[in-house]
Engineer: 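Here it is: the structure, laid out below.
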Amino acid sequence: MANEGTTQEPRSLHFIEEIVEADLASGKHGGRVLTRFPPEPNGYLHIGHAKSICLNFGLAKAYGGATNLRFDDTNPVKEDVEYVDSIREDVQWLGFQWKGEYYASDYFQFMYDYAEYLIQQGKAYVCDLSEAEIREYRGNFHVPGKASPTRDRAPEENLDLFRRMRAGAFPDGSRVLRAKIDMQSGNMNLRDPLMYRIRRAHHHRTGDTWCIYPMYDYAHGVSDAIETITHSICTLEFEDHRPLYEWFLEQDVDAKFFRRPLPRQIEFARLNLTYTVMSKRRLLQLVQDGVVRGWDDPRMPTICGLRRRGYTPEAVRSFAEKVGVAKRDMVADVGLLEYCIREDLERRAPRRMAVLHPLKVVITNMAESEAFEVEVANHPDDPAMGTRKLPFTRELFIDQDDFREEAPKKWFRLAPGAEVRLRGAALVTCREVVKDGTGQVVELRCEWDPASRGGNVPDGRKVKGTLHWVSAPHAIKAEVRLYEALFTQEDPMDVPEGQDWKALLNPRSLEILAEARLEPSLADAKPGERYQFERTGYFAVDADGQPGLPVFNRTVGLKDSWAKIEAKQ
RNA sequence: UGGGGAGUAGCCAAGUGGUAAGGCAGCAGGUUUUGAUCCUGCGUACCGAGGGUUCGAAUCCUUCCUCCCCAACCA
């Protein structure tokens, strides 16, 4: 064949890949690529972190490198071991394995030593100003900062003071160590940033051995350099911290502390998703206020929430790949995320019959003794997934959505006098509609065509509609939870003047169906398993289920072109 | 009015001086025992705006506009 080996157009590189390739080509790091994922253990990871994880781990893997997992635990009052375990679990679940597992706190002594070195070089000083005074002296965008009265203190005195700070000689907040850079800088980060503060707090790893803790800007670059990270990838808001990142490392003028070349910080745009919030603060609020049932509520954009919802790591990775990497502030359409999980589950989820809102159907021309079994495929396009048997009996359930007493245009589901196929089983025609006292349709009396067993059309007559169904006496009961977006507004952070952000919450984000009826094979579905309920969507088994009453979470619905047609009518 | 970034179709995003990739969404058809999947086709993107350089500019220069981030002893 002439066209053999159709060359797949290689995806164009994003700017970080270009940087890495350039470094590889120049031999800057001797062919090494070492990235790091540096979460602060003060909350659960969300889909935004997933993008960063996929970037850091994916990049390293693509270029034969590795990635460290480093917990950025420099603020003991906010951090907790509870979070490190969940972070580890989530990264692994996403399918990534880190090379080293480190903690910024592992480097406290090193950082302390380097700080003493900076003091000795006259690059850092102990400042006695109060928190409010420091703020005042720092000035603002329009007013340059002014020097702290202690800015020119002699190195020996600074060293003595700093040692006493560490020894616990001073109360919390009474002094800080500051880098001596430029109080006039237009970049506020350079106006003598704090390096250490006194904080008598119990640290989840170092306990009470320290009463001074380093600040992010100082700790982060130093940690990167210690680990010999080559590319330190972070989000856009750290862009104007980069000069500081570089400054701290470059003060190692004698190269006594860090191996060269030094790591390079690179910033990319963080992920935002329509109809959801991503800030830790808001997420925490949702949990604390009981809007959701916890961090792993399937409506949460957290990794554990997505997992419980039924998302696969493959789908999340695919999403991260599709949204791309650039420097432009971006808001990804949540529809793309949904596309990714459908795409994945479409080929891997076994099909099952499940009736969400049961409506009884009696086959009037069938005796109870005539019940039979039909064999149906577990996947229409994948014979390797096998088949299973479904009991077909005189009494069935179909979904209420599949019957209309007055059929609209283009309706090819059930209606009085209409004929439909019950998937894999038979053709049935609705002969009678039974209502209760309130006019509610409670039962359909239908006739089946015995010649159509298996769902075949015996004479080629037109039967457009195919419905899912279950046998009433065999069906098992289940709880099914349907989810929608947590917010009704595309950008939930854009709260209208004078309104509470909670007014934007979607009151229908969770709908619990307690009366669903499933085919019997689902009786012993295990938590975590994913299925496609034919014609309705993809569902994952929740751990909340009890023996005899499984609970299913709808991961995402199937595309529904009928809904579109009807909406247009 | 300081510093740092960014502006290409509804949402992402390629493009790096030679005449605008791709994905999602949307629309129209086809196949189909899931109105699913799958397949096919469909977009005058005045490349934020104006000026300039050039045979030729989304790409270079220039002026302007808009949006985002920064004044925690948070990360």
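First the proteins, then the strands, lettered A, B, ... as listed; each starts at 1.
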Engineer: For B:G22, take OP1 and OP2 only and decide whether either is under 4.0 Å from a side-chain N or O of A:S12.
Structural biologist: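 Negative; the distance criterion is not met.
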Engineer: Using salt bridge (charged side-chain N to carboxylate O under 4.0 Å, His left out) as the criterion, point out the one residue from A:R138, A:R151, A:K180, A:K146 that pairs with A:D192.
Structural biologist: A:R151
Engineer: Does A:R138 place a side-chain N or O at less than 4.0 Å from the phosphate oxygens OP1/OP2 of B:C73?
Structural biologist: yes
Engineer: Which way is the base of B:A72 turned, syn or anti, if we draw the line at 90° from 0?
Structural biologist: syn
Engineer: Starting the side chain at C-beta, find the nucleotide from B:C73, B:C69, B:G10 nearest to A:E237.
Structural biologist: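 Ranking B:C73, B:C69, B:G10 by closest atom to the A:E237 side chain puts B:C69 first.
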Engineer: Nearest to the side chain of A:D240, heavy atoms from C-beta on, is which of B:A36, B:A14, B:C69?
Structural biologist: B:C69
Engineer: Please confirm whether the shortest side-chain N or O distance from A:K464 to OP1 or OP2 of B:U32 is below 4.0 Å.
Structural biologist: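 No, no such contact exists.
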Engineer: Please tell me if A:R199 has a side-chain N or O lying less than 4.0 Å from either OP1 or OP2 of B:C74.
Structural biologist: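 It does, given that an N or O in the side chain of A:R199 lies less than 4.0 Å from OP1 or OP2 of B:C74.
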Engineer: If only side-chain N and O atoms count, and only distance matters, is there a donor-acceptor pair under 3.5 Å linking A:E227 with A:Y107?
Structural biologist: yes
Engineer: For A:D401 and A:H357, does a side-chain donor sit closer than 3.5 Å to a side-chain acceptor?
Structural biologist: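 Looking only at side-chain atoms, A:H357 and A:D401 do not form any donor-acceptor pair under 3.5 Å.
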Engineer: For B:C74 and A:Y216 - does any side-chain N or O of the residue sit under 4.0 Å from the phosphate oxygens OP1/OP2?
Structural biologist: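 The answer is no; no side-chain N or O of A:Y216 sits under 4.0 Å from OP1 or OP2.
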Engineer: Nearest to the A:K327 side chain among B:U16, B:A36, B:A6, which nucleotide is it?
Structural biologist: B:A6
Engineer: Please work out if A:I134 contacts a base, only the sugar-phosphate, or nothing of the nucleic acid, heavy-atom cut-off 4.0 Å.
Structural biologist: base
Engineer: Between A:H468 and A:D399, do the side chains contain a donor N or O and an acceptor N or O under 3.5 Å apart?
Structural biologist: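 Judged by distance alone, the side chains do pair up.
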Engineer: Using the side-chain heavy atoms of A:R197, tell me which of these nucleotides is nearest: B:C73, B:A28, B:U34.
Structural biologist: B:C73
